[in-house]
Amino acid sequence: MEVNNLTLDNQKKELEDIAPELLKKEKKERDFSLPDLPNGEKGGVVTRFPPEPNGYLHIGHAKAAIVDYEYARMYDGKFILRFDDTNPDNAHLEFYDAQKEDLKWLGIDWDEEYNTSDNIEKHYKLAEQLIRQDHAYVCTCDSDFIKECRFNGKECDCRCIESGESLDIWKEMISSSIQGAILRLRGDMTCVNTAMRDPTLFRIIEKEHPLQGDKYRVWPTYDFSGAVEDSLSGVTHPFRTKEYELRDECYFKLLDLLGIRKPHLMEFARLSIEGMPVSKRKIKPLIDKGDVLGYDDIRLPTLRGLKKRGILPEAIKKFVIEQGISKVESSVTFGLLEAANRKIIDPITKRYFYVSNPVKLTVDNAPHKEKKIDYYPRDKKLGSRTIETDKIFYVEKQDMEKLKVGDIFRLKDLFNVKIINKNNNIIGEFVSEELIPDSLKIQWTTDRFVNLNVFIPHLLFINDKFNNKSLEEVKGYAEESISNIKKEEIVQFERFGFVRVENVNKKLTGFFTHK
RNA sequence: GCUCCCGUGGUGUAGUCCGGCCAAUCAUUCUGGCCUUUCGAGCCAGCUACUCGGGUUCGAAUCCCGACGGGAGCACCA
């Protein structure tokens, strides 16, 4: 029978008769683990995270680090932390440790750690090999000229000097004080891929290195050190971001010429969050001007900023793995990270009363009470506190504005109140204790409150322009028991949102995490 | 300008290599409902997508060609 001649409805009916089970769509569960690695063998995978110690880690670094780390764990392999500190102009001592702290906070530990700058002698040897093989040459042209030649696909005269002479100058570069010389790969000056037009392999930078001091003046470039280190350190699956894709050819050519092992190099897209730039170029000026408070500002996607705001490392990990290693350039909303975070913190955070924009409410005939309220009714393990109440309360101005004289509402977990007067003072009247279904329940404090201001982060940039309303400060009263928290804790202020509260020298500050 | 990469709902992603099981995954957002002593969580339902045009094929999100759109690179930075 010609099934396709039937209408859709008839087809369905027909199917129901023959094979009803086919009509039921069972939900497919998607697992959020990373896809398999090409040629990935249990125990045989080595990955690496190679930051330059030039700043604090941000969510973009976290993506790379988590992907590298997770793959190593997935295959029972090895994960290497390598500081790519081959430019003494950029590397700073403080950031080696700072970045390690950031990684540890993320929950990442490494099997091996080293600095590229420890291997400079090795790099020199390989460079010498290239020169002897006539695959690299010393160039003394100035950078503008080199640029021009690259652009036009022209070779310069330095390319013709013979390998012996190049070697002599190379040795001089290392040992003496000559300036203005670089070592270049003999690539192809007419190659359509401009990355192959004799890229620079080594250059002279005379600056104290944070670890090596003044031991070296000739430093390898990323093209050289990256490829060589990946190969020599046994990395099998190095990842990097898409903007390096054009350099793949150079990476493999170098390893080819040197006759050393070629890893399986892969690229993924950079992670960008809407309105939260990651680049130092954009963040540094804001810090210098004082527009943001530092690299741990809660508006920033630095790991320190996220931490301060109350984002947990597990949420970052989930978020990153959900994004995966696609090459599609996309801009994710911060809401996705928030959602991941909320799922984790919701079941484990205590609920407190916090009243922003407080106004006084007097309930003259209120019964005196000592009310025990669970920190989270759904999980008694989180404990409870007892609040003593009398006639005086503080409630949110916004809530009171919604109510008219005569309206009845409930002070949550306490009793029902009717509004008697709203003129100068807000006066209420005790109505009853039993819960009135569907009544408005609002949070409150007594007159034994503590002052607590909450900083609420908003988008740092809107349409590429700095948002000068990006940091909002809300003043309010929190119930007294909030001051019992230790140094810091993420809590939920009911009907307000999740807030990370810091308790430093008896001074409380709140940082709004998310709704 | 040249070269490379990418293009699935509002957002992000799975599927693309190896065409059929895709009348397209999952998450998030949004809308409605349920539940709840929070505007949070949970539960249920709903909306919305294969950039376009050709080709190959019995059959294309998937392969080929072209267009369009987005991103990146063209550093003595990584």
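Note on naming: letters A, B, ... go to the chains in the order of the sequence lines (proteins, then strands), and numbering restarts at 1 for each one. None of the values given here were measured: they were computed from a predicted structure.
Among C4(B), G40(B), G70(B), the nucleotide with an atom closest to any side-chain atom of Leu246(A) is C4(B). Side-chain atoms of Tyr244(A) lie closest to A78(B) of the nucleotides G40(B), A78(B), U37(B). With U3(B), U38(B), G12(B) as the choices, the nucleotide that has an atom nearest any side-chain atom of Leu336(A) turns out to be G12(B). In the set C76(B), C5(B), U38(B), the nucleotide with an atom closest to the side chain of Ile146(A) is C76(B).
With respect to Arg186(A) and Asp198(A), no salt bridge is recorded, no charged nitrogen being found less than 4.0 Å from a carboxylate O.
Scanning atom types as modelled, one donor and one acceptor separated by under 3.5 angstrom connect the side chain of Gln492(A) and the base of U38(B). Side-chain to base pairing of Gln323(A) with G12(B): no donor and acceptor N or O lie closer than 3.5 Å to each other.
Two residues are said to be in side-chain contact when any heavy atoms from C-beta on lie closer than 4.5 Å; Arg82(A) and Glu113(A) fail this criterion.
Aromatic ring orientation, Tyr375(A) versus Tyr352(A): tilted (interplanar angle from 30° to 60°).
Rounding to whole angstrom units, CD1 of residue Ile325(A) and C1' of C6(B) are separated by 15 Å.
Base engagement by Asp399(A) is indicated by at least one non-hydrogen atom pair under 4.0 Å involving a base atom. Using a 4.0 Å heavy-atom cutoff across all strands shown, Cys141(A) reaches at least one base atom of the nucleic acid.
Between Thr333(A) and U11(B) there is no side-chain polar atom (N or O) within less than 4.0 angstrom of OP1 or OP2.
Scored by the side-chain contact (heavy atoms from CB on, under 4.5 Å) test, Lys253(A) finds Leu185(A), Met196(A), Leu257(A) as partners (sequence neighbours excluded).
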